[in-house]
There are 2 protein chains.
Amino acid sequence: MVTMKDVASRAGVAQSTVSYVLTGSRRISERTRLAVEEAIAELGYHPSVSARTLRSARTQVLALALPRGGDGYRPTDGRFAIEVCDAARAHGYDVLMLTEREGVPGLRRMAGGGQADGAILMAVAVDDPRVAVLRELGLPFALLGTERAPGGRGADGAEDFSGAAPFADLDWAAAVELALTAAAGAGHTGLAYLPCAAEEVAGRKGYAVRGLAGAGAAAERLAGSTRVRLLEPPAPDALYEELLALLGDPRRPTALAVQHVVGVPTVLAAAEACGLRVPEDLCVLPIGMLPGDTAGRPLPRIELPVTEMTTAVTELVVAAIAAHGAGEDPGAVGHRLIRPALLDAQLLHAG
Amino acid sequence: MVTMKDVASRAGVAQSTVSYVLTGSRRISERTRLAVEEAIAELGYHPSVSARTLRSARTQVLALALPRGGDGYRPTDGRFAIEVCDAARAHGYDVLMLTEREGVPGLRRMAGGGQADGAILMAVAVDDPRVAVLRELGLPFALLGTERAPGGRGADGAEDFSGAAPFADLDWAAAVELALTAAAGAGHTGLAYLPCAAEEVAGRKGYAVRGLAGAGAAAERLAGSTRVRLLEPPAPDALYEELLALLGDPRRPTALAVQHVVGVPTVLAAAEACGLRVPEDLCVLPIGMLPGDTAGRPLPRIELPVTEMTTAVTELVVAAIAAHGAGEDPGAVGHRLIRPALLDAQLLHAG
DNA sequence: TCACTTCGTCGAAACGAATCGACGAAACGA
DNA sequence: TCGTTTCGTCGATTCGTTTCGACGAAGTGA
């Protein structure tokens, strides 16, 4: 292995000088810098990450807590992971994966061993226990989704997140409300909302409960003019049958907002089975699908702003790390709530 | 930070003794061990990963090279990542993510800095340049997919992989061949095969070219009895129109094997648009979808054996690391080619 | 010319754990 | 009783960096 010592002797300088060239933490003359750089290139030197970490106590690594694999896997999860990784690299960080399977002990292990400077948590639930653990461990972090229960809005219409842990998220409540309101505005008089899977609602995942809250708000707001049916959070096996019952009924809705994204193909299959054409007979409006994924046909939709969320959450955790290093409060870096955008709204038009 | 020294003085022993208790590399008396363990628990000691790594030159980390995010993202990728992570933990390894975006320089950075003991590459292409780089770097590795071009089978019917880099993969050629042969056996006389996306074929991804090879073999084998149409690898935008042309033709196939998994919803939408009912008028047979993902309706299918692949590839890379450590050839740990299984075959029956 | 900066570089001391050689004490056989 | 082995523990060194204090050589002003 090539070390700084080798580079130093090759360049005819002290080992510490090589370090200064690399870190830039002291002025070095042009002549010396060039000699060192040449020696580095000639020897193919790469600094040892573990030695650097040991001495400096900075790992340049972020831990990313992924959700569960297996049945609970959602196609969006991997896309988030990849884009978080790219965003982190742009800030000079690598990303170490943790899975739901390891849970809280995994976070403890990581923080205890000093393997990461900060953490990003995916699939955050209301009052997520991991948040308390991270605070206790003193590890800077930011969340994808918030641990706050959906709450009342302030005077300016914005939700109050003071004291909440740093996070980036789509405003799911606003998204669902926008979808339903827009459908009503386009002339649909029978609306329905299909929430996330029962397991996600039961697990109080932020996106799931906030979507429900938004649907409730929309139902209330539209109460005078339009009926909004809030469907039960579906169990995977029961979804198809429930949809058949819903869509087979003569008083069926004409527009269906679907936050249960992995259920979109099932919705389309059920519609077909009931002899309904999409979009002529039934307007299907997915919320939170991956950008570019139009489920095989053009649909009005609200996509998941993956890149915005991942760049934002990365910036937040990087800022939290900096604050932590400066002795300030890493939890005070704020949050980013992303406004939903309705795409292909012209496809909403009622039959 | 609590260090071994603190534990040692608390337990009234030498620092080295604490180390021996932890690593188990020397006999320690029961009495001393208990005292040390108690001190560890009382102080909440966690060994410093960077110090351990620096001294022992073992990181207990695997690098996982993920495919590209953005447009090229496949829902399967994230599932692989999560399950690789779980499998690695079972062997005591953590997983550091690298993305396609960083490419070969990313691997060099990782290996140069000594950040990982081994690497796993996803979405491997024929003659993948990353393989040569890893060999050059002397970093143990295993692949998800093989870099070998599909080749002739030996006398025993098994493909010859001697000299190939260690890998785990579904036998994609056998999978496609099985799908088409089974469809023919179920009475279908007009078969078609939809390969992976044009971009994947052009990029010579192993699964894409091997699937095509299997389709070619099946077409040849069935030539006497059944016509097998091999469709062109579709461009994303053109897929729907091409399917309409295919399925709108009176001489349309009655069974369609679909390896282009993200295209399954599009296939179903096109079938519906042509007034075809699935499975009565058209048998759709997806190959390589995520386990449990039945695209919203029961379909005969060959699932992606994610867990088998990830556990196997992890075992291979762990074995390669061990071999490397023992001065043996890390490339000689073999491979695992997984036989495809056809699920819900009873749904194949021709209308 | 002399005191005094400023600049660039050097040597040495950490960081926390693994590991090697050494060394006392107990156990053993003769 | 004495030498010899075995067992358990200790001290010291090492891994490759970062970083601090120090120190000559130039540069500055009087």
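Just so it is clear: chains get the letters A, B, ... in the order the sequence lines come, proteins before strands, and each one is counted from 1.
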Strictly below 4.0 Å: does B:Ser19 bring a side-chain N or O up to OP1 or OP2 of C:dA18? yes
To the nearest angstrom, how far is A:Leu54 atom CG from D:dT19 atom C1'? 13 Å
Distance in Å, A:Asp86 CG paired with B:Arg68 CZ, rounded so as to fall on 0.5 Å steps: 9.0 Å
Re C:dA12: Watson-Crick or G-U wobble partner, both distances kept under 3.5 Å, found to be D:dT19
Most 5' of A:Lys5 and B:Thr17 on DNA chain D, judged by nearest nucleotide: B:Thr17
base_contact_polar (C:dG11 base, A:Ser16 side chain, donor-acceptor, <3.5 Å): yes
Please report the distance, rounded to the nearest Å, between CE in A:Met1 and C1' in D:dG16. 7 Å
Go through the N and O atoms of the side chain of B:Arg55 and the base of D:dT14, and report whether any donor-acceptor pair is under 3.5 Å. yes
Rounded to the nearest angstrom, tell me the gap between atom OH in A:Tyr20 and atom P in D:dT19. 8 Å
Classify the nucleic acid contact of A:Thr23 as base, sugar-phosphate or nothing, counting any heavy atom under 4.0 Å across all strands shown. sugar-phosphate
d(CD, B:Gln15; P, D:dG11) in whole Å: 11 Å
Check whether the side chains of B:Asp169 and B:Thr146 place a donor and an acceptor atom closer than 3.5 Å, and report yes or no. no
Atom pair distance, as rounded to whole Å: CG in A:Asp6 and C1' in D:dT17: 13 Å
Can you tell me if the side-chain N/O atoms of B:Ser29 get under 4.0 Å from OP1 or OP2 in D:dG8? no
Which heavy atom of B:Ser9 sits nearest to which heavy atom of B:Asp6, and what is that distance? OG-O, 3.2 Å
Quick one: label A:Val13 by what it contacts on the DNA or RNA (base, sugar-phosphate, nothing), any heavy atom closer than 4.0 Å. sugar-phosphate
Rounded to the Å, how far apart are B:Arg27 CZ and C:dA25 C1'? 17 Å
Rounded off to whole Å, could you give me the CZ-to-P distance for the A:Arg52 and C:dG16 pair? 18 Å
When the distance from CE of A:Met4 to P of C:dA13 is rounded to whole Å, what number comes out? 19 Å
Sub-3.5 Å donor-acceptor pair from the side chain of B:Arg108 to the main-chain atoms of B:Leu134, do we have one? no
Counting only side-chain nitrogens and oxygens, does B:Arg26 get under 4.0 Å of the OP1 or OP2 atom of D:dG8? no
Just so I know, are the side chains of A:Val126 and A:Glu147 near enough to count as touching, which here means a heavy-atom distance under 4.5 Å? no
